[in-house]
Amino acid sequence: MSFKENNGIPIPQEDPYFYIDNETLDILERIHRIAQRHPVNVLVAGRQGCGKSSIVHQYAAVYQRPLATFQVGILSEPGQLFGEYALESGETKYKQFLFPQAIQTPGCVIHLEEINRPEHPKALNMLFSILSDDRQVWMDELGMLKVAEGVVFFATLNEGEEYVGTEMLDPALRDRFYVILMDYLPNAVEREVLIRKTGITEEQADQIMHAINLIRGNSEMSLDVSTRTSLMIAEMVGAGATLRESLVTSLQASKPTLESILLTLQMQKGFLEKTESEYLRFCRNVVL
Ligand SMILES: Nc1ncnc2c1ncn2[C@@H]1O[C@H](COP(=O)(O)OP(=O)(O)OP(=O)(O)O)[C@@H](O)[C@H]1O
Ligand SMILES: [Mg+2]
């Protein structure tokens, strides 16, 4: 199959520093093989910022497939992904959205974000038949829509602290997916990612990892530091900020929690000294 004809849906750029464990790599390889026989559904579950969207993106990049992403979390009615009636030069016309086009594009990777959070419980109804063995749905406005060969649906599901696993999802829907469970990267790999992606030094990466582990290891703080947050911290450090400034701006923590983190780090390492505040003018000729 060639995907040059991809209805204008772009094939994403590969992330040269994306890491996954060998087991997940094998699963993706097999998904790819199954997809050559018929469309397939994959559910990617994991905590916030652990790399769910990235793995879908990377799958499309590695296998050179067009990628179309849809926010299921904001849907409030069943047909909303497909199109809408709009007024055009005095006439009401049905305007098709990207979704019907994507499902009819051979080999397309379709990312359904936050599938567990549609605003309306019935919003997923029309997706059911597309994700089931039928692989087609009838619409008065568009006729019979059939899923093209080689299409892979990736649904991502955010696991909050309030629930674990995929129970949130309707059983009938969950049943139709292979499941990939993701978690944050092991320390050594995360450190590598920080260095490679943000250009910080090994020493800076060690300091950041130390701070992150302190927070992750303290269950009382109930503060999760995702891969996304650790990258934000590293990027801030790479842009010249102190570790203290980077933590203060990147962690979504309450003031007391933040103070206690900073205090502990300061006592342990002494690298979080706060400098005296002074007030400067923030205007163009001062900044440039
Ligand atoms: N395994 C990984 N290797 C390299 N970078 C990663 C990895 N996992 C996550 N990242 C980086 O971390 C950031 C967050 O990842 P991503 O947006 O994919 O998380 P997510 O699970 O989809 O988050 P959300 O729950 O908010 O949707 C991205 O910048 C991504 O590149
Ligand atoms: Mg995401």
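Throughout, residue positions are numbered sequentially from 1 according to the sequence presented.
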Any side-chain to backbone donor/acceptor pair from N218 onto L214? Under 3.5 Å, distance only.
no
Within the structure provided, determine whether V152 and I110 are in side-chain contact (heavy-atom separation under 4.5 Å).
no
CG on L157 to CD1 on I180, rounded to 0.5 Å
13.0 Å
Measuring only between side-chain heavy atoms, which start at C-beta, is T156 closer than 4.5 Å to E114?
no
Assess whether atom CE of M182 is packed by more than 12 heavy atoms of other residues, nucleotides or ligands within 6.0 Å.
yes
With a 3.5 Å cut-off and no angle check, do the side chains of Q13 and H57 form a donor-acceptor pair?
no
Is a salt bridge present between R196 and E192, judged by a nitrogen-to-oxygen distance below 4.0 Å?
yes
Shortest non-hydrogen contact from F177 to A155?
CE2-CB, 3.7 Å
Can you tell me if Q136 has over 12 outside heavy atoms packed within less than 6.0 Å of its CD?
yes
Candidate pair R216 and E190, rule salt bridge (Lys or Arg N to Asp or Glu O under 4.0 Å), full reasoning
CA-CA 14 Å; R216 286 181 180 157; E190 186 170 9; 2.9 Å; yes
Distance in Å, H210 NE2 paired with I215 CD1, rounded so as to fall on 0.5 Å steps
10.0 Å
For Q204 and T201, indicate whether the former's side chain and the latter's backbone hold a donor-acceptor pair under 3.5 Å.
yes
Is the backbone of S246 close enough, under 3.5 Å, to the side chain of T249 for a donor and an acceptor to pair up by distance?
yes
Could you tell me if the side chain of L81 sits less than 4.5 Å from the side chain of L127, heavy atoms only?
yes
Separation between CD (Q207) and CD (E202), nearest 0.5 Å, reads 13.0 Å
Closer than 3.5 angstrom, by distance alone: can the side chain of Q101 be matched with the main-chain N or O of L98 as a donor-acceptor pair?
no
From L43 atom CG to I115 atom CD1, the distance as rounded to the nearest 0.5 Å
7.5 Å
Any side-chain to backbone donor/acceptor pair from D134 onto S129? Under 3.5 Å, distance only.
no
Minimum side-chain heavy-atom gap E14-Q58 below 4.5 Å:
yes
Would you say the side chain of S53 lies within less than 4.5 Å of the side chain of H111, judging by non-hydrogen atoms?
yes
So, do T105 and P66 sit near enough that their side-chain heavy atoms are less than 4.5 Å apart?
yes
Check F82, F99, F97, F153 against F70 for a ring pair (Phe, Tyr, Trp, His ring centres under 6.0 Å) and give me the one that passes.
F99
Any D15 side-chain heavy atom under 4.5 Å of K197 side chain
yes
Counting neighbours of OH on Y94 that are heavy atoms of other residues, nucleotides or ligands and sit closer than 6.0 Å, is the number greater than 12?
yes
Looking only at heavy atoms, which two atoms of A205 and I195 are closest? And how far apart?
CB-CG1, 3.6 Å
Would you give the length of the straight line joining atom CD of Q80 to atom CD1 of I74, rounded to the nearest 0.5 angstrom?
7.0 Å
Atom of A253, atom of L223 and distance for their closest heavy-atom approach
CB-CD2, 3.8 Å
Residues 19-35, side-chain donor-acceptor partners within the protein, below 3.5 Å, at least two apart:
residue : atom : partner : partner atom : Å
D21     : OD1  : T24     : OG1          : 2.8
D21     : OD2  : E23     : N            : 3.2
D21     : OD2  : T24     : N            : 3.1
D21     : OD2  : T24     : OG1          : 3.1
E29     : OE1  : Y63     : OH           : 3.1
H32     : NE2  : Q36     : NE2          : 3.3

Output yes when a side-chain donor or acceptor of K52 lies under 3.5 Å from a complementary backbone atom of G46, and no otherwise.
yes
After noting the C-alpha distance and the side-chain angles of T229 and S226, does the key distance pass the side chain to side chain donor-acceptor pair (under 3.5 Å) rule?
CA-CA 5 Å; T229 308; S226 69; 3.0 Å; yes
F154-Y59 aromatic ring centre distance below 6.0 Å
yes
Hey, are the side chains of V237 and T198 touching, using non-hydrogen atoms and a 4.5 Å cut-off?
no
R135 side chain to I130 backbone, donor-acceptor under 3.5 Å
yes
Of the non-hydrogen atoms in V225 and S230, which two are nearest, and what is the gap between them?
CG1-N, 4.2 Å
Nearest heavy-atom pair of E245 and T242: which atoms, and what distance?
OE1-N, 2.8 Å
Please name the pair of heavy atoms, one in T227 and one in C50, separated by the smallest distance, quoted to 0.1 Å.
OG1-CA, 4.1 Å
